[in-house]
Amino acid sequence: MTSKKQAVEDAFVIAKERYKELGVDVDAAIKAADETPISLHCWQGDDVAGFENPDGELSGGIQVTGCHPGKATNPAELRADLDFAMSLIPGKQRLNLHALYLESDQYVDRDQLEPKHFANWVKWAKAKGIGLDFNPSLFSHEKSAQGMTLSHPDAEIREFWIEHCKRSRKVSEYFGRELGTPSVMNIWIPDGSKDFPADRLGPRRRLMESLDEILKEDISREFHKDAVESKLFGIGAEAYTAGSSEFYLAYAATRNLLLCLDAGHFHPTEVISDKISAVSLFVDEMLLHVSRPMRWDSDHIVLLDDETQAIASEIVRCGLGQRVNIGLDFFDASVNRIGAWVIGTRNMRKALLKAFLEPTKLLKDAELSGNNTKRLALMEDLKVMPWSAVWDYYCQQNGMSGGIEWLDKVETYEKDVLLKRG
Ligand code: RNT
Ligand code: ZN
């Protein structure tokens, strides 16, 4: 009987032949998929709680549901869980941190944040050889309780959040300097209104002015990059959000910032895969929050579904690998949180591999020559090409299985580690 390892290799050889017929260089595709960084979001590990005030309430119109036991309750636990999750996912990874995940013996308010509060994260990232990304946290705080931060009519409250964002840029710059890879810092604010506002312009003007103030100091892109994230609505901000799509698209384009596209932040039939090409013509770089909205901005775990595939395919077809930063943004507390990271991140990586395995030129040639029958036939045929044999081989090369062998390990970890947490 052939060993499992041999079977994976045999299937790979056959798959390679099939792709060769289409002119696809499988080894190059594996390499490209492997080297595309995916930034894991720390907040899947503890339901967006963080360490500033772990018992505080999550607010700002976002919601985590579920009560699966064993969430990380301190930095050591979160890093252990991340180490474990990351060991089950192939390819280049980064970690995306929120300001809430600071470490200090005393309470540190948001306007007091300093790079030193993240020294342990930097040490950890250095040891792993990965980059860090960052986010100021403008929610879960008494000064955001009215659902307004940078657009608040009270100048004192705006000042507080401006200071928080300025300090966050310093933390982000510190990440970039220490780790030798720029940190992408994403500003998302919950600002909005539950019911129809009388003034839609005022908050947007104040938001624009606050952002301009935050961005005053020039920081080299070698270390730090600023991104802004739009949103259609939030819980309690159903009628209006100050930072809408038009607002931030124009803002990013005029201030030379990165635009963050979150898959759950648009009208239900709108998809970010269709926005990437358009935005690429006017904005240098993008950040993606790959997520899965279900009926609303529900932040479900990323699936290998049509939209995840379309996002990856757009990045590859448009040749935007260097200009699109891939981040994840989902939080599900109804399943094992490490399993959530592993499933969602592996799905993103699978989508990238499938995208790189595509004979893009064949498709585009068919389209250009007006042969849309061939285009459709090819696209459909690609769905049943043996990409999973390539995936299995790729995982095997990385010392892991392409299937769900990781699940046994996660279940053991749950029993031995997670369920023993207080
Ligand atoms: C909220 C935004 C934002 C957050 C994270 C925690 O709707 O998507 O990106 O999910 O910053
Ligand atoms: Zn997001």
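We count residues from 1, following the sequence as given. In listed order, ligands and their atoms are each counted from 1.
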(message) Students should be able to answer this: which protein heavy-atom is nearest to atom 4 (C) of ligand 1, and at what distance?
(response) D329 OD2, 3.5 Å
(request) Kindly assign one of parallel, tilted or perpendicular to the pair W124 and W121, based on the angle between their ring planes and the thresholds 30° and 60°. (result) perpendicular
(request) Return yes if a side-chain donor-acceptor contact under 3.5 Å exists between H289 and S291, otherwise no. (result) no
(message) I need the nearest protein heavy-atom contact for atom 9 (O) of ligand 1: residue, atom name and distance, please.
(response) E229 OE1, 2.7 Å
(message) Checking side-chain polar atoms at under 3.5 Å, does N135 have a donor or acceptor matched by the opposite partner on N96?
(response) yes
(request) Provide, to 0.1 Å, the distance between atom 7 (O) of ligand 1 and the closest protein heavy atom, together with that atom's residue and name. (result) K231 NZ, 2.6 Å
(message) I'd like to know whether the aromatic ring centres of F118 and F134 sit less than 6.0 Å apart in this structure.
(response) yes
(request) Report yes if some N/O of W43 lies less than 3.5 Å from some N/O of ligand 1; otherwise report no. (result) no
(request) Name the closest protein heavy atom to atom 11 (O) of ligand 1, giving the residue it belongs to and the distance to 0.1 Å. (result) H98 NE2, 2.7 Å
(message) Under 4.0 Å from a heavy atom of D297: which atoms of ligand 1 are those, numbered in the order shown and with their elements?
(response) 7 (O)
(message) With a 4.0 Å cut-off on heavy atoms, is H265 in contact with ligand 1?
(response) yes
(request) Please step through ring pair (Phe, Tyr, Trp, His ring centres under 6.0 Å) for the pair F175 and H224, ending with a clear verdict. (result) CA-CA 8 Å; F175 287 174; H224 159 87; over 10 Å; no
(message) Using 30° and 60° as the class boundaries, would you call the ring planes of W188 and F139 parallel, tilted or perpendicular?
(response) tilted
(request) Taking the six-membered ring for Trp and the single ring otherwise, decide whether the centroids of W43 and Y101 are under 6.0 Å apart. (result) no
(request) Quick one: look at D299 and ligand 1, take heavy-atom pairs under 4.0 Å, and tell me if it's side chain, backbone, both or neither. (result) neither
(request) Would you mind running through ligand 1 and noting each atom that sits below 4.0 Å from a heavy atom of F331? (result) 10 (O)
(message) For the aromatic rings, using the six-membered ring if either is Trp, is the centroid distance between F330 and H41 under 6.0 Å?
(response) yes
(request) Decide whether D109 and H141 meet the rule of one side-chain donor and one side-chain acceptor closer than 3.5 Å. (result) yes
(message) Distances under 2.8 Å only: what protein N/O/S atoms are near the Zn ion (ligand 2), ordered by chain and residue?
(response) E229 OE2, D262 OD2, H289 ND1, D329 OD2
(message) Could you check whether any side-chain heavy atom of R110 comes within less than 4.5 Å of a side-chain heavy atom of E52, counting everything from C-beta outward?
(response) yes
(message) Could you tell me, atom by atom, which parts of ligand 1 come under 4.0 Å of a heavy atom of H289?
(response) 9 (O)
